[in-house]
There are 2 protein chains.
Amino acid sequence: MGAVRGQSPAEIPDVVVERLPHYLRALRALRDEGTEVVSSQELGEALSVTPAQIRKDLSYFGRFGKQGRGYSVPHLVLDLTRILGLERAWPVILIGAGRLGQAIVTYPGFTPEGFHIQAAFDTDEAVIGTHIADIEVRPVREVQKYVRQKGIEIAIVAVPGEQAQAVIDGLIRVGIRAIMNYAPSNPRVPNGVRVRTIDPVQALQTMTFHLTGQQHPEQQAAPKPASAGPR
Amino acid sequence: MGAVRGQSPAEIPDVVVERLPHYLRALRALRDEGTEVVSSQELGEALSVTPAQIRKDLSYFGRFGKQGRGYSVPHLVLDLTRILGLERAWPVILIGAGRLGQAIVTYPGFTPEGFHIQAAFDTDEAVIGTHIADIEVRPVREVQKYVRQKGIEIAIVAVPGEQAQAVIDGLIRVGIRAIMNYAPSNPRVPNGVRVRTIDPVQALQTMTFHLTGQQHPEQQAAPKPASAGPR
DNA sequence: CTGTGTGAATTTTTTCACAGCT
DNA sequence: AGCTGTGAAAAAATTCACACAG
């Protein structure tokens, strides 16, 4: 029966876990177009990942493939969904209801994936009490009560960089265990708490390095898309 | 499979380049508070990075420290700025002027870092001709001319996932060499083109894995910034 | 003394390659 | 046959530890 159990994630490299959503997305696309079975080879081509890596990654969690055949797409979708903890919906709170926070709340990508932004908090009197989409902006001092009451574990932080560390410290004190940080800062968190900082500027800055270093564009003509893309 | 040949900047690992903006941000903060000199030890504590890693990373680019003293903060800021290609401003175009694209244009973090969104493009007749902040939304068919004329190398893509690959293929054909992709997709690009996909949902999905796996939150008290320095 | 820069050692991650299941 | 799952090998990244410069 259940091949997949919640094993101690201590053993599983972070780098592996970070690839799973990637696989899941591709598998869902395959499923939606009716593909029943996929080999690590085929999946790897779709994702620009080596087949060996896919097999090795999956092997951390169990045996999902059928030798000689490949992986059942619908089954693997379910397995990865379960492994990632995506069978349930996750309530999320947002701290910082400024321009960026508002864009996050209205971003349509979270809800279909089960991430429901339930409440927003801010310190600015001007926005407290207003509504973004259909959620009300509350004063930050109510965070603790809210988190405890609703058992929230995930927070999205969209406050100015200087405030991020203080806000995050407060969230952790209140029981938050996973934080998506949109502030350009390097927050320190205790063990057991996960942070992911999303920083488009840093991403751009690594790209300018490459743009600057390469003197000659060299091959420039047609960029073979290598995909069976329709036009 | 294709190892990247050609005259890429030396043989500097990507993972090293990706840390440089991180260092730079911390160094600028130190500079702005008047710190003249910093050791790899101190910088490492500020960033939760080992001192050895900082020294090793920097050593790919030269010798910036003074033995017995540490690094001159202002000098290292300048050196990293130059290494990353941030002495100049970078014009950027945006493809996709929907809700997300509009948020990107109005995000105040790009301009101070020298990334200037110069133009936005969309296929939707309804938004073409409108203005976001002070830039006009143009029809995508004008991208090629614009990019060539202005010598743009960086694009931000904020279109629906299904369209991302096609849009990116087009951009590359037109000469774009660095792409920040906000679409939840896995674009394939030819050698010599860099893509960074920013995908908050994937980030959340790796966090739910950890939230699900750990049965017991284990009591973590105050978020002591204690550098979890092992040993 | 202090703290860099760097070969060497260690650890982590990726890839190989093949036994074995279907 | 075809393709997984996995030890073993290889490669990459990190950390150690120390000679040496200031």
Side-chain angles (χ1 to χ4, degrees), chain A residues 3-4 7-20 22-23 27 30 35-77 79-80 83 206, chain B residues 1-5 8-20 22-23 27 30 35-76 79-80 83 206 227-231:
Chain A
V4 185
Q7 292 294 4
S8 57
E11 304 283 339
I12 292 154
D14 268 14
V15 67
V16 170
V17 176
E18 274 155 34
R19 280 190 292 262
L20 299 185
H22 212 219
Y23 299 163
L27 286 162
L30 288 171
T35 307
E36 279 296 324
V37 173
V38 71
S39 66
S40 58
Q41 172 79 56
E42 293 161 337
L43 187 57
E45 272 161 24
L47 289 168
S48 309
V49 166
T50 65
Q53 179 152 80
I54 291 172
R55 294 201 303 274
K56 176 70 92 175
D57 284 352
L58 294 177
S59 77
Y60 281 99
F61 303 97
R63 305 152 69 107
F64 306 103
K66 288 180 190 159
Q67 278 131 326
R69 287 271 285 156
Y71 300 88
S72 155
V73 172
H75 278 109
L76 193 46
V77 166
D79 286 328
L80 285 177
I83 289 166
T206 70
Chain B
M1 307 314 205
V4 178
R5 318 240 253 108
S8 301
E11 302 143 25
I12 293 153
D14 269 14
V15 67
V16 170
V17 176
E18 274 156 32
R19 279 190 293 263
L20 299 185
H22 210 220
Y23 299 163
L27 286 161
L30 288 170
T35 307
E36 279 295 326
V37 173
V38 71
S39 66
S40 58
Q41 171 81 64
E42 293 160 339
L43 187 57
E45 274 162 22
L47 289 169
S48 310
V49 166
T50 65
Q53 179 150 82
I54 292 171
R55 295 201 302 276
K56 177 71 91 175
D57 284 353
L58 294 178
S59 77
Y60 281 99
F61 303 96
R63 302 153 69 108
F64 305 103
K66 287 178 190 162
Q67 278 131 327
R69 288 270 285 156
Y71 300 87
S72 156
V73 172
H75 277 109
L76 192 47
D79 286 327
L80 286 178
I83 289 166
T206 69
S227 44
R231 187 148 315 142

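In the text below, chain A, chain B and the rest are named by the order of the sequence lines, each starting its count at 1. All of these numbers come straight from a predicted model, not from anything done at the bench.
The distance from atom CD of Glu18(A) to atom C1' of dT14(C) is 16 Å, rounded to the nearest whole Å. Atom C1' of nucleotide dG2(D) and atom CG of Leu43(A) are separated by 17 Å, given to the nearest angstrom. Between Tyr71(B) atom OH and dG22(D) atom P the separation is 14 Å, expressed in whole Å. To the nearest angstrom, P of dA17(C) lies 17 Å from CD of Gln53(A).
Using a 4.0 Å cut-off, some side-chain N or O of Ser40(B) falls inside it from OP1 or OP2 of dT4(C). Taking 4.0 angstrom as the limit, Arg55(B) places a side-chain polar atom (N or O) nearer than this to OP1 or OP2 of dT4(C). Side-chain N/O atoms of Tyr60(B) include none lying less than 4.0 angstrom from OP1 or OP2 on dT14(D). Taking only side-chain nitrogens and oxygens, Arg63(B) comes nearer than 4.0 Å to OP1 or OP2 of dT6(C). One finds no side-chain N or O of Arg19(B) lying less than 4.0 angstrom from the OP1 or OP2 phosphate oxygen of dA13(D).
When Phe61(A), Tyr71(A), Phe64(A) are each tested for a side-chain contact (heavy atoms from CB on, under 4.5 Å) with Asp79(A), only one passes: Phe64(A).
The residue Gly65(B) sits close only to the backbone: its heavy atoms come under 4.0 Å of sugar-phosphate atoms, none of a base. Residue-level contact check: Pro13(B) touches the backbone only, with heavy atoms under 4.0 Å from sugar-phosphate atoms and none from bases.
You'll find that the side chain of Gln67(A) is closest to dC21(C), out of dG7(D), dC21(C), dC16(C). If you check dA8(C), dA13(D), dG7(D) against the side chain of Lys56(B), the one that comes closest is dA8(C).
Checked by atom type and distance alone, the side chain of Glu42(B) pairs as donor or acceptor with a backbone atom of Ser39(B) at under 3.5 Å.
Glu36(B) CD to His75(B) NE2: the interatomic distance, rounded to the nearest 0.5 Å, is 9.5 Å.
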